[in-house]
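The chains referred to below are lettered A, B, ... by the order of the sequence lines, with proteins before strands, and numbering in each begins at 1.
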Amino acid sequence: MKWDEFFVTGDPLIYGADVSIALTTAGILFYLTYFKKWKWLWTEWLTTVDHKKLGIMYIVSAVLMLFRGGVDALLMRTQLAVPEAKFLDSQHYNEIFTTHGTIMIIFMAMPFLIGLINVVVPLQIGARDVAYPYLNAVSFWTFFIGAMLFNISFIIGGSPSAGWTSYMPLASNEMSPGPGQNYYLLGLQIAGIGTLLTGINFLVTILKMRAPGMTLFRMPMFTWSSLVTMVIIIFAFPILTVALALMTFDRLFGSHFFTLQGEGMDMLWANLFWLWGHPEVYIVILPAFGMFSEIISTFSRKTLFGYKAMIWSMLLIAGYSFLVWVHHFFTMGSGAVVNSVFSITTMAIGIPTGVKIFNWLFTMYRGKIEFATPMLWSLGFIVNFVIGGVTGVMLAMAAADYQYHNTYFLVSHFHYVLIAGTVFACFAGLVYWYPKMFGYKLNERIGKWVFWLFTIGFNICFFPQYFLGLDGMPRRVYTYSEESGWGPLNMVSTIGGFMMGVAFLILVYNMYYSFRYAKRETHGDAWNGRTLEWSTPSAMPPFYNFAKIPVVKSLDHFWRQKQEGKVEKLTIKDIKPIHMPSNSGVPFIMASFFFIAGFGMVFEWMWMGALGLIGVFGTLIYRSFEYDDGYYVSEEEIIKTEKISN
Amino acid sequence: MANKSAATEHGGFPWKHLIGFVLSIVLTLFALWIALGTDLSVTWILIIIFGFAFLQAALQLLMFMHVTENSRKGGFSGRIQIGNVLFGAFVAIVIVIGSVWVMSAGHAKHDKHDAPKTENQDGSHESEEHGSH
Ligand code: HEM
Ligand SMILES: [Cu+2]
């Protein structure tokens, strides 16, 4: 391979990206060196096993990925604004919609949610960390490295261009030559390890590390939704792992699982992909449901309506989510029987979802509603998500889907559920728990501007796409003719898209603004909350979370205590040494070896792949022989941190 | 915190794990040999390696996955274990039977590509193609 094939050349946009990446990297290196921050970076962040810090790193990465995916989106919207535009050529457009979809789902939505889960769930259950803190760090770093590997594709070697679904035979060596598709396979494979580990870690954490008295049916709804999500992750992700591995074999080692030759079955890829893919959409929506439940209950000052109904509907969804995958390829032609069965299961899954909508409405009914920013996002969610759900049920009718499939109608459906569901939840959760992470709130006035601009922009962008779809505009086309008549609605859609982009920039500005000017919180209960994470005396919990593990007597225990005026104060008698896990640099190093292995395999430099894998095994073996049982935080240190005087 | 117990609790040399590990490798190599090194018919090869697969799954549950272990907290986590295993079985059955059903029903059953079909390279191989036989 020659150098001019190694680096992507010839496109001014890419050169622009090259320059900005080089400048940013140089800037960061300069900052770290000039302000002597290397040591700080290593000891405080790269080696940390603290769930709160890992959570923050997840969220920061997800926001960066939201930016990257958002730029992709706006490039596509610019190209589509007018008929026969020449801004992007077809290959470039294909690459952009592929990276956009993959990044938004795998490297934005999931890490954002997992980040919030990391920060919040251990606090909500009154634990001092997760069950396996070291594994948690491995999870984060493999996700991060997988994301970086995927992201460099557009400047080194070229991006994948077969869509986030990577259907065969389009994704085969014959039709997608070069390293692009390999980036997809290896990037997702490495990040998938992290996700699976997170699933196991939080399942055990929630089942085993709850504070005394917190029975399963006293757990906050966000914790419940996380628990169910983890179960889905554990059973769905292995399917993706296997499917990716099989396609990797097809592309790298000449096997014929999904190829056209050698009796391969190309549609088996689609089948396996969606066996994972549909549970995946529930992985990214259930935690969102959980967050909205917390927020709506907090700002209505009422207990969640139908707590048990919520839980049962989630468990039902977890089971159902494995029974509907064929609705993504009704048009494959499995026949009337198969299509009818999956039509019915798909419509059935709408029922528990509908139950939850009513639960939120009844929670608000006669509540004292406070329209704080997180609550605005939740209300916006209810309205817009219903539109997404209703169009989902329309898609679920197999016969009708022959019309809607692969049109902008479908594009609009999944953006209504993913943006109004998952993205709204991420923003709501970020604003809601921001004071827990950083000790101050985001500015509410700016936050409300962001909400309105984003929500209005979102509807302007995606509502017209339903009509474009009904009018026959296919998805994944890089341009269309003047005569089609799709021009005006596309222009409207693009304008809406840019409004969302501006809203995102204001959100980021709000982070800066609030960092400079926001009033610092003086206690842990920023929103008059109900659950244990708000019960810590300081705004940001210390690294051990709770000096004394709370004893839980009911649902919304902290709220009850406040109502009865019985919030316990910490006294010196309560303080005992606390056992905590030690930091470790191994997860970071292991992930770096994964990067080397992945990069080598992307370019089919097998020596490099082998070298990286040897490194990975080396770190595993090192860990097996490491006897580190953590350390104790002394009583003096706790007393000092908690500022106890009596 | 929680991870300190694993090393200290059991003590001694992990014979159980070692035996399980070695047997797993042996079973895998055996399956490989059956598939590549013998002249049996495809049906028999499949039957035999599936047999090995189930054996190995049972072995791993027994040797590594603590199926026989009783929970300390009483019946509660036992129920969770059983729930998880049942859900796992449900998902596995759905994946296998579902895939076979979906991939062999309707038009899809004509969908074997022994003949090179790649010639019509219009670049838009999407699923519709198969629906329109
Ligand atoms: C009321 C519940 C829902 C129903 C009945 C439903 C139904 C459907 C159907 C039938 C399709 C396939 C349409 C086609 O390809 O022609 C589809 C696609 C999709 N749905 Fe949903 N859906 C629901 C909820 C959700 C949720 C909650 C999410 C994610 C948060 C989601 C994300 C997606 C995505 C990403 C796709 C398209 C993927 C692609 O082809 O690239 N859906 N939905
Ligand atoms: Cu689906």
Side-chain angles (χ1 to χ4, degrees), chain A residues 127-135 167-170 172 174-175 203-205 207-209 216 231 234-236 239 259-268 270-272 275 318-319 322-323 325-326 329-339 342 402 405-406 476 579-581 627 629-630, chain B residues 1-8 14 17 42 71-73 76-77 79-81 83-133:
Chain A
R128 290 195 170 123
D129 206 320
V130 294
Y132 312 113
Y134 181 96
L135 203 64
Y167 276 11
M168 286 295 251
L170 182 57
S172 65
E174 290 76 41
M175 305 186 91
L203 182 81
V204 179
T205 304
L207 289 179
K208 289 289 187 191
M209 314 253 310
L216 281 182
V231 173
I234 290 173
F235 289 108
I239 310 175
T259 57
L260 292 178
Q261 303 82 11
E263 292 193 49
M265 296 170 90
D266 48 352
M267 280 310 283
L268 184 59
N271 181 70
L272 292 176
L275 261 166
F322 284 91
L323 294 175
W325 77 98
V326 175
F329 48 92
F330 281 143
T331 51
M332 175 172 106
S334 283
V337 180
V338 172
N339 279 5
F342 283 94
Y402 271 71
H405 182 60
N406 268 351
R476 296 177 176 166
H579 182 253
M580 291 302 288
Y627 289 98
D629 281 352
Chain B
M1 300 203 304
N3 54 3
K4 75 165 183 204
S5 51
T8 43
H17 296 82
V42 176
S71 89
R72 270 157 276 161
K73 260 194 191 165
F76 170 68
S77 32
R79 255 190 293 156
I80 287 187
Q81 298 285 16
N84 266 335
V85 171
L86 285 181
F87 190 58
F90 161 75
V91 172
I93 290 169
V94 166
I95 293 173
V96 175
I97 298 186
S99 297
V100 170
W101 185 42
V102 168
M103 293 306 298
S104 59
H107 295 267
K109 70 166 167 273
H110 311 300
D111 204 37
K112 270 202 175 163
H113 301 288
D114 333 64
K117 228 175 151 192
T118 28
E119 258 50 78
N120 56 342
Q121 272 176 349
D122 54 81
S124 64
H125 280 250
E126 280 282 12
S127 45
E128 302 94 328
E129 207 181 88
H130 306 292
S132 58
H133 283 259

Problem set entry | Residue pair A:Met267 / B:Val102, side-chain heavy-atom distance below 4.5 Å |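 No; the side chains remain at least 4.5 Å from each other.
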Exercise. Do the non-hydrogen side-chain atoms of A:Trp325 and B:Val94 ever get within less than 4.5 Å of each other?
Worked result: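 Counting from C-beta outward, A:Trp325 and B:Val94 do come under 4.5 Å.
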Problem set entry | Contacting region of B:Val91 [heavy-atom separation from chain A under 4.5 Å] |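 Just the side chain, heavy atoms under 4.5 Å.
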Is it the side chain or the backbone of [X] that comes within 4.5 Å of chain B heavy atoms, both, or neither?
X	value
A:Leu275	side chain
A:Ile239	side chain
A:Val338	both

Problem set entry | Partner residues of A:Val231 under the side-chain contact (heavy atoms from CB on, under 4.5 Å) criterion, sequence neighbours left out |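 By the side-chain contact (heavy atoms from CB on, under 4.5 Å) rule, A:Val231 matches A:Leu203, A:Phe235, B:Phe87.
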Exercise. side-chain hydrogen bond (donor to acceptor under 3.5 Å, both in side chains): which pairs involve residues 88-99 of chain B, sequence neighbours left out?
Worked result: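 Sorted result for residues 88-99 of chain B: A:Asn271-B:Ser99.
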